[in-house]
Amino acid sequence: MSGGFRVGASSSVPASVRKTIQNIKEIAGNHSDDEIYAMLKECSMDPNETAQKLLFQERGVGLILGRNYWDV
């Protein structure tokens, strides 16, 4: 497939950022590739800021559901 996309991969995520997304997924977990890529774009492709924002999103959801993931 042309255009820098991998065959079989989500068509909205360029192959050039797949490794970065996988690294962020190891840290932040439970987010789709598309969600991580959207946050990367929002954070000017800064993986550190992206991971931090995704972690804070998870923490907020955990607190809303009455669970605190940080006390594990």
Side-chain angles (χ1 to χ4, degrees):
M1 192 171 197
S2 63
F5 296 104
R6 235 175 47 184
V7 174
S10 176
S11 62
S12 64
V13 179
S16 60
V17 295
R18 279 234 165 262
K19 180 65 175 166
T20 301
I21 288 173
Q22 291 307 312
N23 290 339
I24 293 170
K25 192 177 278 193
E26 287 179 21
I27 297 165
N30 296 332
H31 295 279
S32 72
D33 290 358
D34 288 331
E35 288 175 316
I36 295 171
Y37 182 58
M39 185 65 75
L40 264 171
K41 290 193 301 186
E42 185 178 312
C43 295
S44 303
M45 301 306 280
D46 181 337
N48 296 319
E49 184 179 355
T50 300
Q52 184 177 27
K53 284 189 174 189
L54 291 170
L55 285 169
F56 284 134
Q57 276 183 353
E58 282 183 12
R59 183 172 185 218
V61 170
L63 294 174
I64 290 168
L65 295 175
R67 292 177 282 188
N68 189 344
Y69 292 107
W70 302 103
D71 291 337
V72 176

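This one's a predicted model, so the numbers in the text were calculated from it and none came from an experiment.
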Side chains of residues 22-30: which donor-acceptor pairs under 3.5 Å do they make with residues two or more places apart or in other chains?
from, atom 1, to, atom 2, distance (Å)
Asn23, ND2, Lys19, O, 3.4
Lys25, NZ, Asp33, OD1, 2.5

Distance-only donor-acceptor hits, side chain of residues 37-46, under 3.5 Å, sequence neighbours excluded:
from, atom 1, to, atom 2, distance (Å)
Asp46, OD1, Asn48, N, 2.9
Asp46, OD1, Glu49, N, 3.2

Taken in chain and number order and not counting sequence neighbours, the residues that satisfy salt bridge (charged side-chain N to carboxylate O under 4.0 Å, His left out) with Glu35 are none

Between Arg18 and Val13, the two heavy atoms sitting closest are NH2-CB, 4.1 Å

